[in-house]
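Before I ask anything, here is the structure I am working with.
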There are 2 protein chains.
Amino acid sequence: MSHVTSKKTPGDTQAQILSATLSLFTGQGYFNTSVHDIARESEVSIGSIYHHFKDKEGVARALYNDMINRMSSELATIKKNHNTAHDRCYAVIELLFIITEQEPDIMEFMLYSKHREFLPNERPVCSSQPFEIMREFVQDGMNSGEIQDMDLMVASTCLFGGAIRMITSSMDGLLKKPLSSYIDDIWICSWRAVAT
Amino acid sequence: MSHVTSKKTPGDTQAQILSATLSLFTGQGYFNTSVHDIARESEVSIGSIYHHFKDKEGVARALYNDMINRMSSELATIKKNHNTAHDRCYAVIELLFIITEQEPDIMEFMLYSKHREFLPNERPVCSSQPFEIMREFVQDGMNSGEIQDMDLMVASTCLFGGAIRMITSSMDGLLKKPLSSYIDDIWICSWRAVAT
DNA sequence: TTGACTAGAACGAACGTTCGATCTAGAGTT
DNA sequence: AACTCTAGATCGAACGTTCGTTCTAGTCAA
């Protein structure tokens, strides 16, 4: 309450910490970021960080879980709004491209950091729920005859592999044009790879 | 001279250090591996390590350069032995799969570690020479009419993206069968994505 | 007064690196 | 053959720094 420096709403401090941490982790990596860095960047004391999170790894884990959950819920929306594998998978790639352009840190943390080095007990991203939902879309497409019958893993990697590598290329600064301008070309190639 | 316990040939110690380092870096990551770990694992003293390499980063850099050079020379051989984009690109995927199965540490260090976190001045892998040669194969294929005319980056990521993600899936333990058993399925899909 | 929260100084462990000592192999000299 | 010299390789204890974490003191709202 009171005046100039307004009081924090609950959850505010956590959000500040997580936001600063995301930017530091993607900018310089988990191991090049110290807890002292996080405290400085988020304008919060070390004590607060350790009050809200068990340890440094706990901050990373919270970040990771937030990300997985958000992605899962976005994919659930896609599943609800589209019925064919064609439309669903296109929507997935579109979503990934939009996130890459609008919130590059999130995409970088999701696709481009080696979680297993700092979250030793976490399964690899590719076996996380969002990736499983994406494979489910592909499986449905094979069942309905939209997608050629083949190994599910082969179909999934061929269908999404190009787009995902395009995203990492974009994050590496290898693309001349904005990522989203490539989406139709990518989609035509990727869909042709697996369509019946 | 020399008999039972043979004396070291020059370069032997460096090779010992590099081999132990590769296995440690891929097993637990650069930042989870201390120079003391490297000394213990390679059965060489810390002093020797610093005699042969400028610092810890220098060891990583030597490893990285070895890898890039070896890959470049393998790709040059492929270029010499095959004439069509079709044959060259298939040979590239075959090569990548073989390395993944026979020397997984090398592939893991090449494709799966975040070099930029510990080699800050290195360009991303995807702009390294081997990847450029791969794109050159694709460009040649577009010029000769084997591959549809489109953005080079789009064609390259679509042609190799599936295989590369299959490799990372394999390293994540997501595949039921050995990686090489998928090669023909992958190739059919990937080639169909870009072929005229 | 209580309990949730914040602050930042302090701590011990682990890290990357340095350094002087020691060892080895070979060249040069007699 | 015997000895000396030298260059480079090897060694590991020791150093200073940085890190993640803990701790005590304090603030503020209810």
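Numbers restart at 1 for each chain; the letters A, B, ... are given by sequence-line order, proteins then strands. On a predicted model such as this, the values are computed, not experimentally measured, just so you know. Note: hydrogens, waters and symmetry copies are ignored here, and every other heavy atom, side chains too, is used.
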Subject >> Those residues that, when tested against B/Phe131, pass ring-ring contact (aromatic ring centres under 6.0 Å, His included) (two or more places apart) >> reply: none
Original post:
Looking at residues at least two apart in the chain, or sitting in another chain, which of them share a side chain to side chain contact (heavy atoms under 4.5 Å, CB included) with B/Thr100?
Top reply: B/Met107, B/Ile167, B/Ser170, B/Met171, B/Leu179
Subject >> With sequence neighbours excluded, residues passing ring-ring contact (aromatic ring centres under 6.0 Å, His included) with A/Phe53 >> reply: none
Subject >> Sorted by number, the residues of residues 53-66 of chain B with heavy-atom contact under 4.0 Å to DNA chain D >> reply: none
Original post:
With sequence neighbours excluded, what pairs up with B/Asp37 under the side chain to side chain contact (heavy atoms under 4.5 Å, CB included) test?
Top reply: B/Leu24, B/Gln28, B/Thr33, B/Ser34, B/Arg40
**OP:** Could you list all the salt bridge (charged side-chain N to carboxylate O under 4.0 Å, His left out) pairs where at least one residue sits in residues 82-93 of chain A, not counting sequence neighbours?
**Re:** A/Arg88-A/Asp140
**OP:** Quick one: which residue pairs count as a salt bridge (charged side-chain N to carboxylate O under 4.0 Å, His left out) with a foot in residues 142-161 of chain A, not counting sequence neighbours?
**Re:** none
Original post:
Where along residues 19-38 of chain B does a heavy atom come under 4.0 Å from DNA chain C, residue by residue in number order?
Top reply: B/Thr33, B/Ser34, B/Val35, B/His36
Report all interatomic pairs (protein N or O, nucleotide N or O of nucleotides 6-9 of chain D) with separations under 3.5 Å.
residue, atom, partner, partner atom, Å
D/dA9, OP2, B/His51, NE2, 2.4
D/dA9, O5', B/His51, NE2, 3.4

Original post:
Do any pairs count as a salt bridge (charged side-chain N to carboxylate O under 4.0 Å, His left out) and have a residue in residues 54-65 of chain A, sequence neighbours left out, and if so which ones?
Top reply: A/Glu57-A/Arg61, A/Arg61-A/Glu122
Original post:
Within the pair A/Ser45 and C/dT6, is there a side-chain N or O less than 4.0 Å away from OP1 or OP2?
Top reply: no
Original post:
Side chain of B/Ile46: nearest nucleotide among D/dG12, C/dG16, D/dG20?
Top reply: D/dG12
**OP:** Could you list the residues that satisfy ring-ring contact (aromatic ring centres under 6.0 Å, His included) with A/Tyr50, not counting sequence neighbours?
**Re:** none
Do any side-chain atoms of residues 68-76 of chain A form donor-acceptor pairs under 3.5 angstrom with protein atoms, and if so which ones, sequence neighbours left out?
residue, atom, partner, partner atom, Å
A/Asn69, ND2, A/Asn65, O, 3.3
A/Arg70, NE, A/Glu74, OE2, 3.3
A/Arg70, NH1, A/Glu103, OE1, 3.3
A/Arg70, NH1, A/Glu103, OE2, 3.1
A/Arg70, NH2, A/Glu74, OE2, 3.4
A/Arg70, NH2, A/Glu103, OE1, 3.0
A/Ser72, OG, A/Ile68, O, 3.1
A/Ser72, OG, A/Gln129, OE1, 3.0
A/Ser73, OG, A/Arg70, O, 3.2

Subject >> ring pair (Phe, Tyr, Trp, His ring centres under 6.0 Å), paired with B/Tyr90, selected from B/Phe137, B/Trp191, B/Trp187 >> reply: B/Trp187
